[in-house]
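Right, one structure below, let's go through it.
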There are 2 protein chains.
Amino acid sequence: MARKTGSHSEITGPRIRAAAEHLFARHGYAAVSMRQIAAEVGVQAGALYLYTPDKQSLLADLMRAHLEGLLAACAALPEAPGPEARLAQFARFHIGYHIERPDAVFIAYMELRNLEPANFAAIEALRRQYEDRLEAILRDGRAAGAFTIPDTKLATLALIAMLTGVTNWYREGGRLGRAEVEAIYADMALKAVGATGIAG
Amino acid sequence: MARKTGSHSEITGPRIRAAAEHLFARHGYAAVSMRQIAAEVGVQAGALYLYTPDKQSLLADLMRAHLEGLLAACAALPEAPGPEARLAQFARFHIGYHIERPDAVFIAYMELRNLEPANFAAIEALRRQYEDRLEAILRDGRAAGAFTIPDTKLATLALIAMLTGVTNWYREGGRLGRAEVEAIYADMALKAVGATGIAG
DNA sequence: ATGGTAACTGACCAGCCGTTCAATTCAACC
DNA sequence: GGTTGAATTGAACGGCTGGTCAGTTACCAT
């Protein structure tokens, strides 16, 4: 009993990545076996190795894909007028993008320690690129006198931690909708850096 | 070759917990074997089971001990005058306590999914108790007109995420000392909830 | 000196791990 | 209708897993 109907290579590959993302997020990279992933796809473990050289690459590829998508989407944002608007836009974007991909976000933040050094360096570089986007907004805003920030790097990390925290509790269909959460968090982010004007 | 000198039971127990905490934080619960823990203590794997019924209890005990210590220390805080002072005190306490226990914090936030349901419920209840402390501060402050908060629960989660994020990057002997970090974060926390007075 | 016992070893258990690969199956092409 | 080759199976590899336990050691009280 090999393949059943039609050519599967273009279907099985994405299905493996989806199953791995789902299982890694739920149980953690180290706790998930290749056989579990294969079972979720409906295939034998050996077949996975037609699509990934090993388990580690499966993890690294998921994380890289997520961060590259995040960076691309961030770069595609329209230019906003003024520091407050830029920060509000970033906050809303960050929450929206993360809320829609809870599994990928979870993995990207929790499985860093399971990456081999080379993969870790690559992923870390992408993460830093994204942080730099926010840091630039804060730096410019401070230079323009729009924000009150004792330390730009600290404010960057604090805001990202706050905004990303949404993924820990947000559930579709919960008490608050996505738009409300975005508005509330954008408002808090602006206030936290002492924004004078209102652009939430 | 059994025990070498003196009675070890009061030494080996804590050493096992310390080794487990260290290794779980570094590599993750699922990725650490009982034999690795035993090796770090300088003992054979079987000896671990004189001090813990199984690996799962080792994890649950570490998390429970951490959260109970956190709650006790929080409860021992002197009463602060007014909402701003209370929030500033909480922010400083939270950062200080977490900064000093990076391994325990890491485990408490990352290994929840590796807890069996019964243990998870117990740990989650402790975590919620701690959140309620902050939420009470915010609720009282809002009622007193000191804070501007659209949603108290959201603000609670946002602040905790922001404050806890410090443990992701803070290193002893880094660019900023503990006192500076506490001051900057307490200030941001106050501003984020629209505190009118200054009590950072 | 000797018996008791707390502390620990080291071998063992069944079972799962990531990974490999010869053999098989089946759609597509000639 | 036979051939090709991509897709997949299923068994196997050595090695590691959490956990058990009979046996050994070294301290302590007597």
Side-chain angles (χ1 to χ4, degrees), chain A residues 1-24 26-62 107 111 113-116 118-119, chain B residues 1-24 26-63 107 111 113-119:
Chain A
M1 263 178 282
R3 132 184 80 149
K4 279 127 198 163
T5 74
S7 176
H8 283 176
S9 77
E10 285 157 21
I11 290 180
T12 306
R15 288 227 296 153
I16 289 173
R17 282 186 286 276
E21 182 169 296
H22 178 233
L23 289 170
F24 287 168
R26 176 110 82 191
H27 306 291
Y29 172 76
V32 172
S33 72
M34 294 300 268
R35 284 171 178 81
Q36 282 176 270
I37 297 170
E40 180 124 329
V41 176
V43 115
Q44 293 299 315
L48 300 184
Y49 291 86
L50 295 167
Y51 301 94
T52 184
D54 49 34
K55 193 186 177 189
Q56 168 75 198
S57 302
L58 204 44
L59 174 64
D61 287 349
L62 285 175
I107 293 172
E111 304 295 356
R113 62 184 166 189
N114 286 311
L115 289 174
E116 290 162 5
N119 288 330
Chain B
M1 265 177 280
R3 131 182 83 148
K4 278 127 201 166
T5 74
S7 177
H8 283 178
S9 76
E10 286 157 20
I11 289 181
T12 306
R15 288 228 294 152
I16 288 172
R17 281 186 288 275
E21 182 169 297
H22 178 231
L23 289 171
F24 287 169
R26 177 110 83 191
H27 306 291
Y29 172 76
V32 172
S33 72
M34 294 301 268
R35 282 165 180 83
Q36 282 176 268
I37 297 170
E40 180 124 330
V41 177
V43 113
Q44 291 300 314
L48 300 185
Y49 293 88
L50 295 168
Y51 302 93
T52 183
D54 49 33
K55 192 186 177 189
Q56 168 75 198
S57 303
L58 203 45
L59 175 63
D61 288 348
L62 285 175
M63 294 175 74
I107 292 171
E111 304 294 355
R113 62 182 166 189
N114 285 311
L115 289 174
E116 289 163 5
N119 288 331

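Letters A, B, ... are given to chains in the order of the sequence lines, protein chains preceding strands, and every chain is numbered from 1.
Residue A:Ser33 has no polar side-chain atom (N or O) positioned under 4.0 Å from OP1 or OP2 of C:dC16. Within the 4.0 Å cut-off from OP1 or OP2 of D:dT8, at least one side-chain nitrogen or oxygen of A:Tyr51 is found. For C:dC8, the OP1/OP2 oxygens have a side-chain nitrogen or oxygen of B:Thr12 closer than 4.0 Å.
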Protein-nucleotides 11-14 of chain D N/O pairs under 3.5 Å:
unit_1, atom_1, unit_2, atom_2, d
D:dA12, N6, A:Arg35, NH2, 3.3

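For the pair A:Glu111 (side chain) and A:Tyr29 (backbone), a donor-acceptor distance under 3.5 Å is present. In this structure a side-chain-to-backbone donor-acceptor pair under 3.5 Å is missing from B:Glu40 to B:Ile37.
Following rounding to the nearest Å, A:Gln44 (CD) and C:dT19 (P) show an atom-to-atom distance of 17 Å. Rounded to an integer number of Å, the gap from B:Ile16 CD1 to D:dG19 P is 13 Å. One can place CG of A:Leu48 at 13 Å from C1' of D:dA7, the figure rounded to the nearest angstrom. Between the P atom of C:dT19 and the CD1 atom of A:Ile37 lies a distance of 10 Å, rounded to the nearest Å.
Closest approach of B:Ala31 to B:Gln36, counting heavy atoms only: O-OE1, 3.5 Å. Closest approach of B:Leu62 to B:Phe24, counting heavy atoms only: CD1-CD1, 3.9 Å. Taking every heavy atom of both residues into account, A:Val43 and A:Leu48 meet most closely at CG1-CD2, 4.3 Å. The heavy-atom pair separating A:Ile16 from A:Leu58 by the smallest distance is CG2-CD1, 4.2 Å. A:Lys55 approaches A:Val32 most closely through the heavy-atom pair NZ-O, 2.7 Å.
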Start with the C-alpha distance between A:Gln56 and A:Leu115, add both sets of side-chain angles, then the distance that settles side chain to side chain contact (heavy atoms under 4.5 Å, CB included), and finish with yes or no. CA-CA 7 Å; A:Gln56 168 75 198; A:Leu115 289 174; 3.7 Å; yes
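Note on A:Val32: only backbone sugar-phosphate atoms sit closer than 4.0 angstrom, heavy atoms only; bases stay farther off.
Of the candidate nucleotides D:dG18, C:dT9, C:dG18, D:dG18 has the atom nearest to the side chain of B:Met34. For A:Val43, taking side-chain heavy atoms from C-beta onward, the closest of the listed nucleotides D:dT8, C:dT19, D:dT17 is D:dT8. Of the candidates C:dT20, D:dT9, D:dT8, C:dT20 carries the atom nearest the A:Tyr49 side chain, counting heavy atoms from C-beta on.
For the salt bridge (Lys or Arg N to Asp or Glu O under 4.0 Å) condition, no pair includes a residue of residues 11-22 of chain B, sequence neighbours left out.
Less than 4.0 Å separates DNA chain C from at least one heavy atom of each of the following residues of residues 53-62 of chain A: A:Asp54, A:Lys55.
Nearest-nucleotide positions on DNA chain C place B:Leu50 closer to the 5' end than the other of B:Leu50 and A:Gln36.
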